[in-house]
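Have a look at the structure below, then the notes.
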Amino acid sequence: MILTLFLIGIAILFIGSALQAALPRSVRIPLFTVAAIIGLLFTGFASVQALLNVPTAITFGCPFPLGSVTLELDPLSAFFALTISLGGIAGSLYGAGYLSGYPERSLRGHLFALALFLISMLLVVTVRAVLPFLFVWELMSLSSLVLVFFDRQREEVRDATVNYFIAMHVAFALILTGFLLLMTRSGSGDFASFAAAMQDPAFAETALLILFAGFAIKAGFIPFHSWLPKAHPAAPSHVSGLMSGVMIKTGIYGILRFTLIVGVPTTRLAVIVLMVAVVSAVVGVLYAIAQHDLKRLLAYSSIENIGIIGIGIGLSMIGMRIGNGPLILLGMTGALIHLINHSLFKGLLFYGAGALYRATHTRDIEKLGGLIGKMPATALLFIVGSVAIAGLPPLNGFISEFVLYLSMLYGAPLAAGGYGALVVLTAGALALTGILALYCFTKACGIVFLGSPRSDATDTARDPDRAMIAGMALLAVAAVAIGLYPAPLFSVAASVAALYPFPGDAAAQAAPVVTTLGSVSRALLFFVLFFAFLYYIRHRLLAKSGGIATAATWGCGYRHGTARMQYTGSSYASPLMALAGQLLGLSVHREAPQGLFPARTAFHSHPHDLVDSYLIAPGAKFIRYLFSLFRWVQSGDMAQYILYGILFLAAALVWIMGGTA
Amino acid sequence: MTARALNILFLLLLPFLMIGIINRVKALAGGRKGFPILQPFIDTLKLLRKGAVVSRVTSWVFAVAPAIALAATVTALLIAPGVGRTQVIAFDGDIVLCLYLLGLAKFFQLLSALDTGSSFEGMGASREALFSVVVEPALFLFAGTLALASGHASFGELFTLSGGSAWPTVAASAGTIMLFLTLLTEGCRIPVDDPNTHLELTMIHEVMILDNSGPDLAFLQYAAALKMYLFAALIAALILPADIPVLHAAFALPIIALLCAVAAGLVESLLARFRMSHVPQFLFLAVALALITLASAVYFRGGAA
Amino acid sequence: MDRVLLKNRAAIPFDDLPKISYQAMGDIAIGCLCAGLRPVALFGVPEERPAGAVRIIALFADDVKGTLAVTSVHAERGATVPSLTPSIPAFHLFERQLWEEFGIVPQDHPWLKPVRYPHDGHTPRRVEEGYRYFAMNGEESHEVAVGPVHAGVIEPGHFRFLCDGERVNHLEIQLGYQHRGAERLFRTGPLAMKSVLAESVSGDAAVAHATAYAGLVEALGNSAIPRRAAVIRAIGLELERAGIHLGDLSALCNDIGYLPGTQLFAVMRTDIINTSLALCGSRFGRGLIAPGGVMHDIDEKKKERIASTVRRVRDNAGLLAASVFDNQNVLARFEKTGTVDTATARAIGLVGPAGRASGLPCDIRLTHPTDAYSDHPLIKTVLQNGEGKAAISGDVYARAFVRHQEIQDSLRYITELLGRLDAVQDGIAAPVERPRAGMVAFSITEGWRGETLHAAVTGDQGETLRYYIKDASFHNWFGLALAVRENGVSDFPLCNKSFNLSYCGFDL
Amino acid sequence: MVFRLLKARWRHGSQAVPDPIAAQVDPMFRGFPDIAKEGTLSSETVALCPGAALSVNPVAIDLGKCHLCGACSRAANSPIRLSSRHHLGQTKRDALIVTAGTSFEQYHARAEKGRAEIRRLFGRSLRLRSVSAAGCSACEMELNATTNANFDMLRYGIDIVASPRHADAVIVTGPVSANMADALEDTWSATPSPKLLILMGACAISGGLFAASPALDRRFLSDHTPDIYIPGCPPHPLTVVNAILNYLGRGI
């Protein structure tokens, strides 16, 4: 019954996208948005039902290549389907407002691709066999490719799309090899059959490593992340919100699905996952701080949050290895909660960046400033998103990090020797990531929205229209709600985490944490009330005493202050860059003043991505060199091509003749 | 229950008393009279009855930030272990909420500094942000180590050091030095920052509140004093013996807090400030101490099953 | 003859000045530089005969032979002359001052900007109007504007830093906020009655300016002062020098937050300036010096009081300075901060302790001694720093160490002068003749900050046509702007206090 | 190294002037002018005064313009003699005019206290923001000296702060040059109310030597009535401390 609802949702989405192509331009966007929201409501409702009740499966026949396809909504799939639906609803609502800003575009293809994109993601998390999984996975990649290619007139977008295309297909190749390797043992393409294949730990480890590499490219862990900071800024904001908030989670889904299948992972795999996650978290946020482009900053902060989710998964893997209850349950629950939290506040931040781009037509934060006066709603929502992403109470970001810390605090004493230290070091790394995220988003909010305008790009800025604000407000309200009342989300995530091998009764382990979260909510409520009380006192005091006068910011009595006398983004980050500059490949071009009466002095800095410049670029250069060796083959002379044909036939003939003899 | 009431009483009295004592120690070291010890209380009462001047450039962030900073710091203090390590609000993992509430206070103080659009406040904000990047992980590493050793997860029990081996002395000494360094950094004392310097290019915390006036200034100064008292209370929780009766603890906590103030005063009377670029290296000492505690915890625990 | 040689505190007839072209004066200047002379003054005198004409007077000092060389140039207001600054950077501020006061445009001067916005200048303007600041390319760098009203209790001036993060790329200093039109007031009323005004030119160097002013009036009237008055003037000057240097060391320690140094040096300063109070009724030595001699004698009781204080402070200061300059914590902040190397210092013409800390041998008390300094020459000791080297590294450490050195020298010299008091019993004041007509006179004193010059040109009835004051800060402000480059912006207050320059002495 | 520091500190001892209110200044100090009741002033003596503070019938000295340089007291058969009494602060401009025969006690009694609620607010905690509007740095150094080890007005809760936002009073030194007029105006408007205006030194009160100079712009002082006047050139730190303490009702 539940899956029928799920399929109905998908059908509505598909029909809506098909119909909109036929209708006139004016009706197209509203119709698509309504269809999308209703469809996603259906799938969301279905996944909530699946989470609360027993998981159900449905199998139906398909035309030639796929054979029989089984869709199953077990708690893990349902949780991801719920995330996709929520992100999709906000995204399409915001997308409606954003796309209406492009009257000259026909949008037929774009909306159809958007629908396909959502549908393919929903299917990726529900199919249970190799062939349909690969088919739907490829459909997701291709549809997102079309979406990223929206601003095709910009050269930067075309490069990013090609880069994205290649990265997705390297991932596809890795996943394919992983599946083929597993199918050699299991015989059939069904995921359930892989469990048997994975009894031999060594074989399971190599297969999982390959699959993990493929899914990591999609998720954006550090060594594999190079496409993400190029593709997300290039895509239109509603697409980058969806990609960053939802699509990269399918990579996490792949890792979780196969961790579930394999049962207890080997120690080495668990440590690798944890290390990659820690590196992604810390280095990701360091790169984010160094950026001048707002959307690249948000893209790198997505890598950081994926790293935090990875830390949760890594901890639970290690827990499974050493039979440590809290690590398994709370680690996985923290990761899942952070997954849904991140899709909320990252979507919110990207939509905010989109509204900013729409208003100022620039993404360089050094050109912005003082926008809180002209765009109050966007500013408020962006600050709410920043508080959430920095993991600060009373918003949802804190809840997931709190659960992760709980898993470490409970898990460390139970972990033997080296593992205990590893868990504590991970706690330190998570704290470092949290404080760096605070540093990064005070920079983003402070430089973009506060102070006074740094260039005339902000003159025509004003708040976006209602649909975009509604999309963002929906996410902000969700973030505040989860932050203040996390218990329901926690219990849902705990039920999903209970799927994993747990030494004892998972529910018994999760119950005390719900009461702890209750006391967290009470403490935060006290904080909010005490803040309101203090603000009220401040208001009363100022009313009674000298009152509030306005004057210029205290600039030492100098009347000719300019906007240049404000701190800039790179100056705000420079003390940290002095410490971590080499790690970030920060190239600084500085002309020191020459002589007693200098004519010119200048300063420019640009953060390079070390992985790009030392891993991807040399590889690409080598491949290009390799192919250039065979350029002579393409002489362009028809006679030469015919000659190749003849030579081939002759060789084939000789080979067959040899064969028969 | 009385311990909780005492906690709240100390919350109100001790922070400003600590600042008064630091000023008095510095005055005695300089052979002068200096401020009366209760001067911070008097200043705060005066500031609450004064008007305010707000810059035209600022937005609601500037108006809201002081109240948020004080509310967050007070809530964090209610979570922190007080008299005899009892806490007003206690639950498993409360140390995380306490430190992240301080993070929330810092977030809005940084935003409020950037809101005024003055290069002085931007300078103060970027320095303050950098120092907390080094100090915060050290605190969490230390908390994790205590959890590893004690098996508990609530603030009060975490800081109860027990066990036969040399572990409690190592943890107590390394922890005290680290917390004292954090007290000097977060409380904006020399050698990191000089609170009563009159040079806006060298200040850190002072310059961030250059534009706040009246009640806002009172809130922010009280929040800064509270933070300093928090780390003094943590030192007290670390040092005091595990099974100290509440009555003794009721006297021990203020004495230790005031001793911390005297120590901070003496440090300020003898040391000059570090060059701004060298302060991070000084703060890495805190991280190193946390790592030493972790290593000794693993060593002494012998790796329980 | 293209120049006239004369001694310090001497007057010569205005008409004896040779008249040469501006370019010729430039060649002389280059010649002088090679011979070790340095430019000391360059100012315009409005002439009546061809209305609107200006006579530019240039003064050079020969530190080896102890003589001054003066020449003059005839120019029209608003004329354009080839700028000397590209070849001799020390002229850069003089030429800006000439352009501002008389509109004489120096051709391709690299930094032609207003100096002090005088109300009676060529184009009178309020400060901050029309001042184009040197700017930095790149949006990532920012500017820090430390405006007229500073955080501490100090005079107003605007400092514009071009920074990337914490590093200072360039500092531009714009002054003029303290301009009160002091030179104009010297011209109104009898010249001999201006000692209170002379003390108010720069309050922290009251005795130095009063001595230079009194010497100028005596030179114009060609009258001498009793030798006892000369000794008391020298004692007053050295007391001021020691007091201010102790105050600067205290302030330097305060800027790095080193409490012992701050408090202990400050109390020693109070001891010294209370001795000045006992000597002449003012902590800053105001009312001690007037044309013709001094206003307060030193009787036995005052002599004993000064001697005991000087002995105690000299001992305590030596002990504290030894411990401060040995403290690693303090040295880490002082050394390699705000460095001005010897070549740059000579190019821009640093004077006083700042110049000596960069290795320049400029001290008027030794090179152009007058009054007590010529009768009883000062012997300066060259103290070695920790590593046994003379402290001429040109950084904050060198400037602090030079101050410590000069405190010890001044206090020892005061003790010697007190010993000579019994030998000179010829009274403390002599009558002052009216200034002679048509004369030009220069009077240079070594104030605690460096050479302090007062010059005057008298008309044909003895009235003052032009009164020119040049405080040592006029040379050293540009030194501070150079010293701060490549340093952390948080080290600027330390460099600023190590120079401790006068704003009102520059703005007049 | 530490041993030398401790030795220096030991010799330093405690330097605070025990009671700044009752403390006496060195007799050489030129303070309050005692004018003989029936004395007369010749026109040459009047011309001697650099600040044009002397006036005839009745013989009087305007302490707002007087630089206490003592030139008039040294003139031939002058009725004026400068005592070393240093409590010269006043709250009204015309209270500064000392006519012949006025004793120091009468002059000092004229100094009124601040309004009751101002004294209650700032009685034990007053923060000064110094603005040097073309002061020759003598007043600035004396104002700095009020917070040093000797005079130490911190003991009364009075201190000097960096930002006008934190200040309760603006203390002006120097004759307010035209180039500093705007900055003084901005500093005043940047200070939260209730706030006081204090003028320190003859230049600030009346323009002093530079009163006639066209380079000044004293319009700010005509728009705002100062609360405390501290005469002298420069005023002794004890004069400054006691003037403020009298205003706050804590002096003698």
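Below, read A as the first sequence line, B as the second, and so on, with proteins coming before strands; counting in each chain starts at 1.
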Where C:Asp255 and B:Leu199 come nearest, the two heavy atoms and their spacing:
OD1-CD1, 3.3 Å

Considering non-hydrogen atoms only, spot the tightest contact between C:Tyr258 and B:Leu270 and give its length.
CE1-O, 3.4 Å

Minimal non-hydrogen separation, C:Pro260 against B:Ser269, with atom names:
CD-O, 2.9 Å

Looking at side-chain heavy atoms only, is the closest gap between B:Leu201 and C:Phe161 below 4.5 Å?
yes

Please give me the minimum heavy-atom distance between B:Arg275 and C:Ala332, naming the atom from each residue.
NH2-O, 2.7 Å

Which distance, rounded to the nearest 0.5 Å, do you find between the CZ of C:Phe492 and the CD of B:Glu200?
9.0 Å

Does any non-hydrogen side-chain atom of C:Val267 lie less than 4.5 Å from one of B:Arg32?
no

Taking C-beta and beyond as the side chain, do B:Glu268 and C:Leu259 meet within less than 4.5 Å on heavy atoms?
no

Return the option, out of C:Val153, C:Ile256, C:Val489, C:Ile154, with the maximum number of heavy-atom pairs under 4.5 Å with chain B.
C:Ile256

Measuring heavy-atom distances to chain C, does B:Phe274 have an atom under 4.5 Å in its side chain, in its backbone, in both, or in neither?
both

Keeping the roles fixed (side chain from C:Arg333, backbone from B:Ala272), state whether a donor-acceptor pair exists under 3.5 Å.
no

Are side-chain N/O atoms of B:Arg273 and C:Ser490 paired as donor and acceptor at under 3.5 Å?
no

Chain C contact via B:Leu271 - which portion, at a heavy-atom distance below 4.5 Å
both

Non-hydrogen atoms of B:Ser119 and C:Ala145 that approach each other most closely
OG-N, 4.2 Å

Give, as side chain, backbone, both or neither, the part of B:Ser277 having an atom under 4.5 angstrom from any heavy atom of chain C.
neither

Can you tell me if C:Lys336 has over 12 outside heavy atoms packed within less than 6.0 Å of its NZ?
no

